[in-house]
**Q** 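Have a look at this one.
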Amino acid sequence: MEYLADIKGKIVESILSIYSKNYNITDLVFDRCKKEFVGDYTLVTFAFSKNVGESPELVGNKIGEFLLNNKWIHSYNVIKGFLNIQMTDEFWIKNVLYFQNTSITKILHYQSEPKNFLIEYCSPNTNKPLHLGHIRNVLLGWSMRNILKAKSYDVSTTQVINDRGIAICKSMWAWKQFANGATPQSTGIKGDHFVGDYYVMFENKFKEEYAQWQSTSQANDIYTNSKKESESSDDFFKRYKNDYFNKISEIGAQAREMLLQWEAQVPEVLELWKRMNAWVYEGFEVTHKKLNIHFNSCYYESQTYLLGKEIVQQGLDKQVFYREADGSVWVDLESKGLDKKILLRSDGTSVYITQDLGTAQQRHKELNKDHYIYVVADEQDYHFKVLFETLKLLEEPYANGLYHLAYGMVELPTGRMKSREGTVVDADDLIDEVESEAKLVAEERGEIVHLSDEEKSKVYHQIGMAALKYFMLKVQAKKRMIFDPKESVDMQGNTGPYIVNAYVRIKSIERRQAIESIDQYNEIIVEQEKELLKLIMEYPGIVDEAVKQYDPSGIANYCYSLAKEFHRFYHDCRILNAETEEQKKWRLTLCKIVSDYLNHGMQCLGIDMPDRM
RNA sequence: GGUCUCGUAGCUCAGCUGGAUAGAGCAUCUGCCUUCUAAGCAGAGGGUCUCAGGUUCGAAUCCUGACGGGAUCACCA
């Protein structure tokens, strides 16, 4: 445990000794001292003073006086209810030695109990490539995986792939119709984009058909008979689109026919389905690799979409579900502040949630985890509330370990992304863009001209990814975010590359001078050094908070603060040309610690840093 | 309309288990490269923390209400 904990202990001890009151440090406000006051740490005594019936100043002075007995407290001052204490140089030195000699893994593992997790994230459809929304999802999911791993928890990851349904049938239909046997290989198009293109082709064809139909007398009859009062034909036909697809459309009927054939396992359809999905998976694989994210397993809806009927039966047997006269099965969650929710259609077929119930149960049977985290956009908040409450009603043993990591939707400065309007930001395009921006800046600077082409492109990729990933992860997960493509490729200021730059500066120094470990220090410690150490000491708390909140943004912001503080230190203080050999070693050690913590934090975010840039 | 959620500088965001004069970045303006990578540093301007009440020594932070944005309320997934 770092030595700040000792100071906190001393404060608790002082209160016990002076006032015979037993306090927990978490009940007291003890924080870093604000820069405009003299001191390193501050204890706020207002609330406490009230409890003991003495003025805040008196309490501050008494505790301050008591603390002076400690060799790590240099001095104190009291301003109203604020007791500011200054630490001795010995305190900082002890901490440096501790951080130098103790691995971050060990520090984070302290008092951590064994737990195991399954994180479900990404969850794509196989009819189109990954987009910006998926990027936020996978970065959050993968980052949470890294953070939990950093706490030495057992974590595995999975994704549920929606590989069946009408959407992929649309792609299949269009491919049969227009492709003439073309493949990703024959056209050189990435598999997921290739299949996505046929989905778009279907949609365009359908739009065309629908538009033509709207001028027929059949359409006119339907409009006059079923329009709402004063509804324009435009509005009506927008609303009617889905019905048209299901009831009237010719190509809609053909696509639905393919779906039926798929369910009936018609070999020819099954074959095409497998073939096209395989193309998509190849494409996804490339994107995953670029983002450097991984999955320990995959669940396919084609294999799980029939699950859940059994669990519904169990619920009926336990009388926590009920059957309506028409045969549909429901759960009543009104006592939980939710509504009644259908679990099985009157014809006995599944709905969305049926499958999720079944999947949850099956997964627990197979993996037996304590915690299951679903990384899914917050538009599904209600669905997950219902799902979790239903599983609790069923008294499933894992029901209390379920967590919906909900993140806000990603919007463009122009508003929501709409595939219909072609405003969806494609994941691969975005990755290419940040990479070429990184390349542009790097070439201007010319620091890495001597590297081989292969090494160079690796650095461009790392910097581009640092920019993109940090940009996405610095925002609190639960908040919706405005994604400005222009800002995402920024490399200055509060950005990933800024943090990478701090790290690279240290690596550059390391290349000039090997860092030896130290066991003492006898010179003055400057303010910039203390500020760095204060931040280093805060890291375990930052990680714990990220785990508690299921939110990496705190770690992202921490990395920025640490990098910022380092840049200041680097500017103000000479390291290799320090005043004495001893100071140089001390500062080198400090650099080493900072680079380790920066690297650890960035690793938690899934950001891989280069040694040069 | 019901439920959930958000509202902090021109823009994008921190800060939210109540604590001192509310912080960054971008953008605008001004300085600093013969010294370890200037993707950097230092400085200036920019705020009724949406509004109104309440809780108290103290509120951006907690509570209530209003206003404004978003999500959701299918025998879709």
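Just so it is clear, the model here is predicted, and its values are computed rather than measured. First the proteins, then the strands, lettered A, B, ... as listed; each starts at 1. Computed over heavy atoms, backbone and side chain alike; hydrogens, waters and symmetry mates excluded.
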**Q** Under a 4.0 Å N-O cut-off, is there an ion pair linking Arg568(A) with Glu531(A)?
**A** no

**Q** Determine whether the aromatic ring centres of Tyr498(A) and Tyr470(A) lie less than 6.0 Å apart.
**A** no

**Q** Please determine if Asp551(A) and Lys478(A) form a salt bridge, counting it only when a charged side-chain N lies under 4.0 Å from a carboxylate O.
**A**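 Here Asp551(A) does not pair with Lys478(A) in a salt bridge, since their nearest N and O are not under 4.0 Å apart.
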
**Q** Does the structure show Phe46(A) stacking with rG19(B), if we require the centres to be closer than 5.5 Å and the planes to be within less than 30 degrees of parallel?
**A** yes

**Q** Using the six-membered ring of Phe82(A), assess whether NZ or CZ of Lys34(A) lies under 6.0 Å from its centre and within 45 degrees of the ring axis.
**A**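 Pair Lys34(A)/Phe82(A) does not count as cation-pi.
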
**Q** Does the ring-ring contact (aromatic ring centres under 6.0 Å, His included) test come out yes or no for Phe206(A) and Tyr244(A), once each step is laid out?
**A** CA-CA 10 Å; Phe206(A) 173 72; Tyr244(A) 172 78; 5.7 Å; yes

**Q** Please give, in whole Å, the distance from rG15(B) C1' to Glu545(A) CD?
**A** 13 Å

**Q** OP1 or OP2 of rA77(B) less than 4.0 angstrom from a side-chain nitrogen or oxygen of Tyr382(A), does that happen here?
**A** no

**Q** If I pick the C1' atom on rA60(B) and the same atom on rU17(B), what distance separates them, to the nearest angstrom?
**A** 16 Å

**Q** If the cut-off is 4.0 Å, is Lys478(A) near the phosphate of rC6(B), judged by side-chain N/O to OP1 or OP2?
**A**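 Yes, Lys478(A) has a side-chain N/O under 4.0 Å of OP1/OP2 on rC6(B).
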
**Q** How far, in whole Å, is rU12(B) from rA20(B) if one measures between their C1' atoms?
**A**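 These two C1' atoms come out 28 Å apart once rounded.
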
**Q** So what does Arg416(A) touch, heavy atoms closer than 4.0 Å: a base, only the sugar-phosphate, or nothing?
**A**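 Answer is sugar-phosphate: Arg416(A) comes under 4.0 Å of backbone atoms only.
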
**Q** So, does Gln476(A) get its side chain near the phosphate of rG15(B), meaning an N or O under 4.0 Å from OP1 or OP2?
**A** yes

**Q** If I pick the P atom on rA22(B) and the same atom on rA27(B), what distance separates them, to the nearest angstrom?
**A** 26 Å

**Q** When you measure from the side chain of Arg568(A), which nucleotide among rA71(B), rA42(B), rC4(B) comes out closest?
**A** rA42(B)

**Q** So what does Met481(A) touch, heavy atoms closer than 4.0 Å: a base, only the sugar-phosphate, or nothing?
**A** sugar-phosphate

**Q** Reckon Asp356(A) touches a base, only the sugar-phosphate, or nothing at all at heavy-atom distances under 4.0 Å?
**A** nothing

**Q** Base, sugar-phosphate or nothing for Val351(A)? Non-hydrogen atoms, less than 4.0 Å.
**A** sugar-phosphate

**Q** Pick the C1' atom in rG40(B) and in rU3(B), then give their distance to the nearest Å.
**A** 49 Å

**Q** Could you tell me whether Gln355(A) contacts a base, only the sugar-phosphate backbone, or nothing, with contacts defined as non-hydrogen atoms closer than 4.0 Å?
**A** nothing

**Q** Against the six-membered ring of Tyr305(A), is Arg164(A) placed for a cation-pi contact (under 6.0 Å from the centre, within 45° of the normal)?
**A**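 Because its charged atom sits under 6.0 Å from the ring centre and within 45° of the axis, Arg164(A) does stack over Tyr305(A).
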
**Q** What is the distance, to the nearest angstrom, from the CZ atom on Arg574(A) to the C1' atom on rC36(B)?
**A**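 Answer to the nearest Å: 10 Å.
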
**Q** State whether the aromatic ring of Phe82(A) stacks on the base of rA20(B), taking stacking to mean ring centres under 5.5 Å apart and ring planes under 30° to each other.
**A** yes

**Q** I'd like the C1' distance from rA9(B) over to rU28(B), given in whole Å.
**A**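 Pairwise C1' distance, rU28(B) against rA9(B), rounds to 13 Å.
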
**Q** Which part of the nucleic acid, if any, lies within contact of Asp27(A), taking any heavy atom under 4.0 Å across all strands shown: a base, the sugar-phosphate backbone alone, or nothing?
**A**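 No contact.
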
**Q** By nearest atom, which of the nucleotides rG23(B), rC26(B), rC16(B) is closest to the Lys34(A) side chain?
**A**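 Nearest nucleotide to the side chain: rG23(B).
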
**Q** What distance, rounded to whole Å, do you find between the two P atoms, one in rG46(B) and one in rA24(B)?
**A** 15 Å

**Q** Using a heavy-atom cut-off of 4.0 Å across all strands, would you classify Ala377(A) as base, sugar-phosphate, or nothing?
**A**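 The answer is nothing, as Ala377(A) stays clear of every strand by at least 4.0 Å.
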
**Q** Does this structure show an ion pair linking Glu455(A) with Lys458(A), if we count only N-O contacts that are shorter than 4.0 Å?
**A**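 Between Lys458(A) and Glu455(A) there is no salt bridge, as every charged N stays at least 4.0 Å from the carboxylate O atoms.
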
**Q** Which nucleotide wins on minimum distance to the side chain of Asn577(A), given the candidates rA77(B), rU37(B), rU35(B)?
**A** rU35(B)

**Q** Hey, is Lys534(A) close enough to Glu565(A) for a salt bridge, meaning N to O under 4.0 Å?
**A**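 No salt bridge links Lys534(A) with Glu565(A).
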
**Q** With a non-hydrogen cut-off below 4.0 angstrom, is Cys573(A) in contact with a base, only sugar-phosphate, or nothing?
**A**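 Counting heavy atoms under 4.0 Å across all strands, the contact made by Cys573(A) includes a base.
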
**Q** Measure from the side chain of Lys564(A), starting at C-beta and using heavy atoms only, and say which of rA20(B), rA24(B), rC11(B) lies closest.
**A** rA24(B)

**Q** Quick one: is Lys479(A) getting a side-chain N or O under 4.0 Å of the rA14(B) phosphate, OP1 or OP2?
**A** yes

**Q** What contact category does Tyr560(A) fall into here, base, sugar-phosphate, or nothing, at under 4.0 angstrom with non-hydrogen atoms?
**A**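 The answer is sugar-phosphate, as Tyr560(A) gets under 4.0 Å only of primed atoms, P, OP1 or OP2.
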
**Q** Taking the minimum atom-to-atom distance to the side chain of Asp572(A), which one of rU37(B), rC13(B), rC41(B) wins?
**A** rC41(B)

**Q** For Thr42(A), report the nucleic acid contact type (base, sugar-phosphate, nothing); a contact means any heavy atom under 4.0 Å.
**A**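 Base contact - Thr42(A) has a heavy atom under 4.0 Å of at least one base atom.
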
**Q** Under the rule syn = chi within 90° of 0, otherwise anti, which is rC33(B)?
**A**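 Syn, angle within 90° of zero.
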
**Q** How would you label the contact of Val504(A) with the nucleic acid (heavy atoms, under 4.0 Å): base, sugar-phosphate, or nothing?
**A** base

**Q** Determine the Euclidean distance between corresponding P atoms of rC62(B) and rG69(B); express it in Å to zero decimal places.
**A**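 Comparing P positions in rG69(B) and rC62(B) gives a spacing of 23 Å.
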
**Q** Mind checking Ile482(A) for me? I need base, sugar-phosphate or nothing, with any heavy atom below 4.0 Å counting as a touch.
**A** sugar-phosphate

**Q** Heavy atoms under 4.0 Å, any strand shown: does Leu338(A) hit a base, just sugar-phosphate, or nothing?
**A**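 No contact at all - Leu338(A) keeps every heavy atom at 4.0 Å or more from the nucleic acid.
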
**Q** Work out how far the P atom of rC11(B) is from that of rC49(B), and round it to whole angstrom.
**A**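 That atom pair is separated by 16 Å.
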
**Q** Taking any heavy-atom pair under 4.0 Å as a contact, classify Glu447(A): base, sugar-phosphate, or nothing.
**A** base

**Q** Measure OH/Tyr407(A) against P/rU72(B) and give the value in whole Å, please.
**A** 13 Å

